[in-house]
Amino acid sequence: MAVLQSFVSIHPDSHFPIQNLPYGVFKPQSASPPRPGVAIGDFVLDLSEISSAGLFDGPLLKNSDAFLRPNLNKFVSLGRPAWKEARATLQKLLSATEPTLRDNAVLRQKALVPMSSVELLLPVAVGDYTDFFTSLHHTKNCGIIFRGPQTPVLDNWYRLPVAYHGRASSVVISGTDIVRPRGQAHPVGSSTPYFGPSLKLDFELEMATIVGPGNELGKPVDINNAKDHIFGLVLMNDWSARDIQAWEYIPLGPFLGKSFGTTISPWIVTLEALEPFASEAPKQDPSPLPYLTEKEPKIYDISLEAHIKPAGHEDSGVVSRTNLKHLYWTLTQQLAHHTINGCNLRPGDLLGTGTVSGPEPESRACLLELTWNGQNTVSVNELNRKFLEDGDEVILTGYCKGNGYSVGFGTCSGKIVPAAP
């Protein structure tokens, strides 16, 4: 079977071939209103122009204004049939053999915008944000660091996808500076807590689900229908102030150590684009309760990396290499569990996976684990780091490779700036 080709020139290593077509929101110029787009090679296809030209002519999107809005919430709410229709239309329009866009110079000039010239924005308005804790390796390491080796993983963790409700207002787009948070930490040498800028600022290499259609309050999503409520995935860095977190988290969990910033990548890669890279999920022991038992548990083979570019340096260094397939609880189990009490999810909600650590030391996906809470150091460009310093930039990447092409997420980056006075 021939590999689908686009008339747009695409580098072999591009994250954005015609097989991907991830969705985002952008401004072609700073004064322009935001509009939806898809990434194709080094360009953004302006979906408002495609929609205005009447090229979404399928039964579900023909009269829709979903691509004339400043975010993707309306489109993600329409559900999988509409997503499939849009994908089929876009792949046809961008294919090398289809003249409709390829040979229309005027429309092509308006609709294909160089990615280097646009401003990328949050792709959805995030109403609610939940962060899970679903890597067994991360959970074990954190348990040993904070509680000791006797009970690193608590009994409930093997029974349900543990999570906490995060702060949607501080979810920001890749490239946004992160201000070092101030707060309290454990007392050192006295009974008075430390107060000041966090001394243990960390990144967390995660991914996140973008919720599509939600569910009504009081009506849980069936585990075997949960996939239809997932539009796609983004990269996510849930920045963490480990010293603030360690002092505050007993008994109610994360709060100010997390809510100062959560960065996501601008492109949502759909489950349709990821389907060729699906694999069998890890075996769960004990077997999950019936409401979490899937007919075909799947996870995605997505290679993930975290890079740090130290302050004042031009080059970054890799500090972690891991893979989404190391998760214990699947994306669909996370979503189904979230709704089992009747909680209503809404289009555009963000569900973080938690830190995606693997079994090897180099696959630990945060500095807390890599340095064992500052007992060791990580070398970056011949500099040592225990935690992040002002001016450091963290860059996350993710991609799937195979079948003659790559499907990638671009990057998710942020630079640490000094604490507010």
Side-chain angles (χ1 to χ4, degrees), residues 15 24-27 30 115-123 126 129 131 166-183 196-208 234-245 256-267 304-322 350 352 355-356 365-371 374 377-398 408-421:
H15 278 203
V25 168
F26 74 105
K27 289 182 179 182
S30 59
M115 197 178 295
S116 60
S117 69
V118 307
E119 179 186 356
L120 296 170
L121 308 171
L122 283 174
V126 180
Y129 157 50
D131 196 31
R167 181 76 188 172
S169 65
S170 50
V171 175
V172 296
I173 194 64
S174 175
T176 304
D177 286 347
I178 299 297
V179 177
R180 182 179 295 273
R182 293 160 62 84
S198 171
L199 303 176
K200 292 185 175 182
L201 190 53
D202 199 358
F203 70 87
E204 289 191 338
L205 172 49
E206 305 193 20
M207 300 201 77
V234 293
L235 296 169
M236 189 174 98
N237 185 347
D238 189 30
W239 306 90
S240 298
R242 300 299 187 184
D243 43 357
I244 296 172
Q245 182 184 0
L256 300 181
K258 295 279 195 175
S259 60
F260 60 92
T262 300
T263 305
I264 65 171
S265 54
W267 298 110
L304 300 168
E305 294 180 357
H307 304 239
I308 295 177
K309 183 191 291 185
H313 283 241
E314 290 296 314
D315 298 322
S316 63
V318 178
V319 294
S320 176
R321 287 189 173 94
T322 184
L350 188 71
T355 305
V356 187
C366 60
L367 290 172
L368 176 73
E369 293 176 79
L370 288 166
T371 71
T377 60
V378 170
S379 178
V380 186
N381 296 353
E382 300 182 352
L383 297 174
N384 289 330
R385 288 288 186 270
K386 292 187 175 184
F387 290 97
L388 296 172
E389 298 187 5
D390 291 348
D392 287 351
E393 182 179 7
V394 178
I395 304 154
L396 310 182
T397 63
F409 292 77
T411 61
C412 176
S413 67
K415 185 168 70 174
I416 305 301
V417 299

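One-based numbering along the sequence shown.
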Item to complete: Mind checking the OG-CZ spacing from Ser198 to Phe387? Nearest 0.5 Å is all I need.
Response: 8.5 Å
Practice prompt. Test side chain to side chain contact (heavy atoms under 4.5 Å, CB included) on Thr322 and Thr355 and set out the steps.
Written response: CA-CA 10 Å; Thr322 184; Thr355 305; over 6 Å; no
Fill in: Side-chain donor or acceptor of Arg385 paired with backbone N/O of Pro310 under 3.5 Å
no
Item to complete: Might you work through the side chain to side chain contact (heavy atoms under 4.5 Å, CB included) test for Phe203 and Asp392, ending with a clear yes or no?
Response: CA-CA 11 Å; Phe203 70 87; Asp392 287 351; over 6 Å; no
Worksheet entry | Euclidean distance, Glu393 CD relative to His313 NE2, rounded to 0.5 Å | 13.5 Å
Worksheet entry | Identified side chain to side chain contact (heavy atoms under 4.5 Å, CB included) partner of Asp202 from the options Leu368, Val394, Leu370 | Leu368
Fill in: Qualifying residue, where the test is side chain to side chain contact (heavy atoms under 4.5 Å, CB included) with Ile178 and the options are Thr263, Leu388, Thr262
Thr263
Worksheet entry | Atom pair CG (Leu396) and CD1 (Ile308), whose distance is rounded to the nearest 0.5 Å | 10.0 Å
Discussion item. Is it true that, when you exclude Arg321 itself, more than 12 heavy atoms of the residues, nucleotides or ligands shown sit nearer than 6.0 Å to its CZ?
Written reply: no
Exercise answer: donor-acceptor pairs, residues 410-421 side-chain atoms, under 3.5 Å, sequence neighbours excluded:
{"unit_1": "Ser413", "atom_1": "OG", "unit_2": "Ser174", "atom_2": "OG", "d": "3.4"}

Worksheet entry | Spacing of Phe409 atom CZ and Met236 atom CE [to the nearest 0.5 Å] | 13.5 Å
Practice prompt. Check side chain to side chain donor-acceptor pair (under 3.5 Å) between Asn237 and all other residues, then give those that pass, not counting sequence neighbours.
Written response: none
